[in-house]
*Asks:* 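The structure that follows is given in the form of structure tokens.
Computed from a predicted structure; not experimentally measured.
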Amino acid sequence: MDNSSGVGVLDKAALVLAALEPGPATLAGLVAATGLARPTAHRLAVALEHHRLVARDMQGRFILGPRLGELASAAGEDRLLAAAGPVLARLRDITGESAQLFRRQGDHRVCVSAADRPTGLRDSIPVGSQLTMTGGSAAQVLLSWEDPERMNKGLLKATFSAAELAAVRRRGWAQSIGERESGVGSVSAPVRSPSGKVVAAVSVSGPLERLTRQPGRMHAPAVVAAGERLSQSLRRGL
């Protein structure tokens with residue numbers, strides 16, 4: 001089969017990306033895998049690195065870059081947001097607390113959907129709010145399944161520890177008590193893409209006087225179930 005598109009530079013860039021799909025590669029490895037001349041392979045890899053389509057690992061080898069993951073996540077975002085409204089409303093009604101859906105964007109997490117408790121004392125996070133990745137149960141979830149390098153970088157300024165993230169991975173949910181804001185607690189669980197990658201965190205949050213010092217005991221089952229429903233919606237493609 002002829003894989004040429006007629007646009008030579010794009011075809012060669014696609015060769016470089018395909019060569020990195022199995023894992024990290026040195027420049028020599030790229031040359032061997034693509035059949036490109038060494039200067040051409042190097043020039044394309046560096047250009048793709050500039051656009052974050054290619055990156056380097058700690059040994060300086062070329063790897064697929066973070067922009068590819070961001071684009072893949074964006075492709076599924078409409079399906080996720082379409083499912084989020086009713087799932088968050090149900091979670092709010094079951095727990096009696098405000099519910100949110102967060103996605104990671106760089107060093108922040110962004111609230112992309114929310115269902116607030118209608119009355120009484122509540123934790124309201126407007127859609128579009130950018131929150132830090134240094135504290136809160138959603139930040140724990142979004143960091144817990146990252147690759148070791150990104151996880152360690154994220155832990156440098158975090159209020160939680162590597163041991164706490166290990167506990168999150170083991171039990172499948174996270175809780176926070178006053179990490180993001182004094183007097184506020186939360187419980188979060190992962191939302192996974194069809195490949196199993198964590199692409200979002202679903203949460204409930206509210207005052208500690210209702211959530212207590214162990215909010216997970218109260219709400220983890222409902223939050224985990226909501227995360228599973230959203231994950232299923234991505235697998236079904238709605």
*Asks:* Side chains of Leu20 and Ile63: does their closest heavy-atom pair fall under 4.5 Å?
*Replies:*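 No, too far: nothing below the 4.5 Å cut-off.
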*Asks:* How long is the span from the OG atom in Ser5 to the CG atom in Leu10, to the nearest 0.5 Å?
*Replies:*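 Between Ser5 OG and Leu10 CG, I get 5.5 Å after rounding to 0.5 Å.
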*Asks:* Of the non-hydrogen atoms in Ile94 and Ala222, which two are nearest, and what is the gap between them?
*Replies:*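 Nearest pair, atom of Ile94 first, then Ala222: CG2-CB, 4.0 Å.
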*Asks:* Show me the side-chain donor-acceptor pairs of residues 51-60 shorter than 3.5 Å, one per line, residues at least two apart or across chains.
*Replies:*
{"from": "Arg52", "atom 1": "NH1", "to": "Glu70", "atom 2": "OE1", "distance (Å)": "3.1"}
{"from": "Arg52", "atom 1": "NH2", "to": "Glu70", "atom 2": "OE2", "distance (Å)": "2.8"}
{"from": "Arg56", "atom 1": "NE", "to": "Glu49", "atom 2": "OE1", "distance (Å)": "3.2"}
{"from": "Arg56", "atom 1": "NE", "to": "Glu49", "atom 2": "OE2", "distance (Å)": "3.4"}
{"from": "Arg56", "atom 1": "NH2", "to": "Glu49", "atom 2": "OE1", "distance (Å)": "3.4"}
{"from": "Asp57", "atom 1": "OD1", "to": "Gln59", "atom 2": "N", "distance (Å)": "2.9"}
{"from": "Asp57", "atom 1": "OD1", "to": "Gly60", "atom 2": "N", "distance (Å)": "3.0"}
{"from": "Asp57", "atom 1": "OD1", "to": "Arg61", "atom 2": "N", "distance (Å)": "2.8"}
{"from": "Asp57", "atom 1": "OD2", "to": "Arg61", "atom 2": "NE", "distance (Å)": "2.7"}
{"from": "Asp57", "atom 1": "OD2", "to": "Arg61", "atom 2": "NH2", "distance (Å)": "2.8"}
{"from": "Gln59", "atom 1": "OE1", "to": "Arg61", "atom 2": "NH2", "distance (Å)": "3.3"}

*Asks:* What pairs with Ala226 under side chain to side chain contact (heavy atoms under 4.5 Å, CB included), at least two apart in sequence or on another chain?
*Replies:* Val87, Leu91, Val202, Arg229
*Asks:* Test side-chain contact (heavy atoms from CB on, under 4.5 Å) on Arg103 and Leu80 and set out the steps.
*Replies:* CA-CA 11 Å; Arg103 298 185 69 107; Leu80 182 58; 3.2 Å; yes
*Asks:* Grouping I, L, V, M, F, W and Y whenever their side-chain heavy atoms are under 4.5 Å apart, do Val223 and Val112 come out in a common cluster?
*Replies:* yes
*Asks:* Taking all non-hydrogen atoms of both residues into account, name the closest pair between Gln100 and Leu88 and its distance.
*Replies:*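 Gln100 and Leu88 have their closest heavy atoms at O-CD2, 3.7 Å.
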*Asks:* I would like to know whether Leu234 and Val199 meet side-chain contact (heavy atoms from CB on, under 4.5 Å); could you show each step before the answer?
*Replies:* CA-CA 10 Å; Leu234 292 179; Val199 295; 4.0 Å; yes
*Asks:* Do Arg109 and Gln130 come within less than 4.5 Å of each other through their side chains, counting heavy atoms only?
*Replies:* no
*Asks:* Using the side-chain hydrogen bond (donor to acceptor under 3.5 Å, both in side chains) criterion, which residues pair with Asp93? Sequence neighbours excluded.
*Replies:* none
*Asks:* To the nearest 0.5 Å, what is the distance between CG on Leu48 and NZ on Lys12?
*Replies:* 13.0 Å
*Asks:* Applying side-chain hydrogen bond (donor to acceptor under 3.5 Å, both in side chains), name anything that partners Arg210, two or more places apart in sequence or on another chain.
*Replies:* Glu97
*Asks:* For Arg213, check side chain to side chain contact (heavy atoms under 4.5 Å, CB included) against everything at least two apart and list the hits.
*Replies:* Ile177, Leu208
*Asks:* Given side chains that start at C-beta, do those of Phe102 and Ile125 come closer than 4.5 Å, heavy atoms only?
*Replies:*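 Phe102 vs Ile125: side chains touch.
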*Asks:* For Arg180, give me all partners under salt bridge (Lys or Arg N to Asp or Glu O under 4.0 Å), at least two apart in sequence or on another chain.
*Replies:*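 Arg180 satisfies salt bridge (Lys or Arg N to Asp or Glu O under 4.0 Å) with Asp123 only.
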*Asks:* Examine Met218 and Val224 and state if one hydrophobic cluster contains both, with Ile, Leu, Val, Met, Phe, Trp and Tyr joined whenever side-chain heavy atoms are less than 4.5 Å apart.
*Replies:*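 Different clusters: Met218 never reaches Val224 through Ile, Leu, Val, Met, Phe, Trp or Tyr contacts under 4.5 Å.
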*Asks:* Taking only residues two or more places apart in sequence or in another chain, which ones pass side-chain hydrogen bond (donor to acceptor under 3.5 Å, both in side chains) with Thr26?
*Replies:* none
*Asks:* Can I get a per-line list of side-chain donor-acceptor pairs under 3.5 Å for residues 34-44, giving both atom names and the distance, sequence neighbours left out?
*Replies:*
{"from": "Thr34", "atom 1": "OG1", "to": "Leu30", "atom 2": "O", "distance (Å)": "2.7"}
{"from": "Thr34", "atom 1": "OG1", "to": "Leu36", "atom 2": "N", "distance (Å)": "3.2"}

*Asks:* Determine whether Val110 and Leu131 make a side-chain contact, defined as any pair of heavy atoms from C-beta on separated by less than 4.5 Å.
*Replies:* no
*Asks:* To which residues is Val127 joined in a hydrophobic cluster, defined by side-chain heavy-atom contacts under 4.5 Å among Ile, Leu, Val, Met, Phe, Trp and Tyr, whether direct or through other members?
*Replies:*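 None; Val127 is a cluster of one.
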*Asks:* Does Leu165 belong to the same Ile/Leu/Val/Met/Phe/Trp/Tyr cluster as Met133, with side-chain heavy atoms less than 4.5 Å apart forming each link?
*Replies:* yes
*Asks:* With sequence neighbours left out, what residues match Thr132 under side chain to side chain contact (heavy atoms under 4.5 Å, CB included)?
*Replies:*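 Thr134.
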*Asks:* Is there a side-chain contact between Asp116 and Arg92 (heavy atoms, below 4.5 Å)?
*Replies:*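 The answer is no; the side chains never approach within 4.5 Å.
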*Asks:* What's the separation between atom CG in Leu211 and atom CZ in Arg217, rounded to the nearest 0.5 Å?
*Replies:* 13.5 Å
*Asks:* Quick check: closest heavy atoms across Val141 and Ala201, and the distance to 0.1 Å?
*Replies:* CG1-CB, 3.8 Å
*Asks:* Which atom pairs, one a donor and one an acceptor, fall under 3.5 Å between side chains of residues 184-194 and the rest of the protein, sequence neighbours left out?
*Replies:*
{"from": "Ser186", "atom 1": "OG", "to": "Ser137", "atom 2": "OG", "distance (Å)": "2.6"}
{"from": "Ser186", "atom 1": "OG", "to": "Ser176", "atom 2": "OG", "distance (Å)": "2.8"}
{"from": "Ser188", "atom 1": "OG", "to": "Ser137", "atom 2": "OG", "distance (Å)": "2.6"}
{"from": "Ser188", "atom 1": "OG", "to": "Ala138", "atom 2": "N", "distance (Å)": "3.1"}
{"from": "Ser188", "atom 1": "OG", "to": "Ser203", "atom 2": "OG", "distance (Å)": "2.5"}
{"from": "Arg192", "atom 1": "NH1", "to": "Gly196", "atom 2": "O", "distance (Å)": "2.8"}
{"from": "Ser193", "atom 1": "OG", "to": "Ser195", "atom 2": "N", "distance (Å)": "3.4"}
{"from": "Ser193", "atom 1": "OG", "to": "Ser195", "atom 2": "OG", "distance (Å)": "2.9"}
{"from": "Ser193", "atom 1": "OG", "to": "Lys197", "atom 2": "N", "distance (Å)": "3.3"}

*Asks:* What pairs meet the side-chain hydrogen bond (donor to acceptor under 3.5 Å, both in side chains) rule with one or both residues in residues 138-148, with sequence neighbours excluded?
*Replies:* Arg104-Glu146, Gln140-Glu179, Glu146-Arg150
*Asks:* Check whether Val9 and Phe62 end up in the same hydrophobic cluster, where Ile, Leu, Val, Met, Phe, Trp and Tyr are linked by side-chain heavy atoms less than 4.5 Å apart.
*Replies:*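 Linked, Val9 and Phe62 end up in one cluster.
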*Asks:* Look at the side-chain heavy atoms of Ile, Leu, Val, Met, Phe, Trp and Tyr, link any pair under 4.5 Å apart, and say whether Leu27 and Val46 land in one connected group.
*Replies:*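 No: no chain of side-chain contacts under 4.5 Å links Leu27 to Val46.
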*Asks:* Taking all heavy atoms of Phe160 and all of Gly136, pick out the closest pair and write down the distance.
*Replies:*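 Phe160 and Gly136 have their closest heavy atoms at CE2-O, 4.2 Å.
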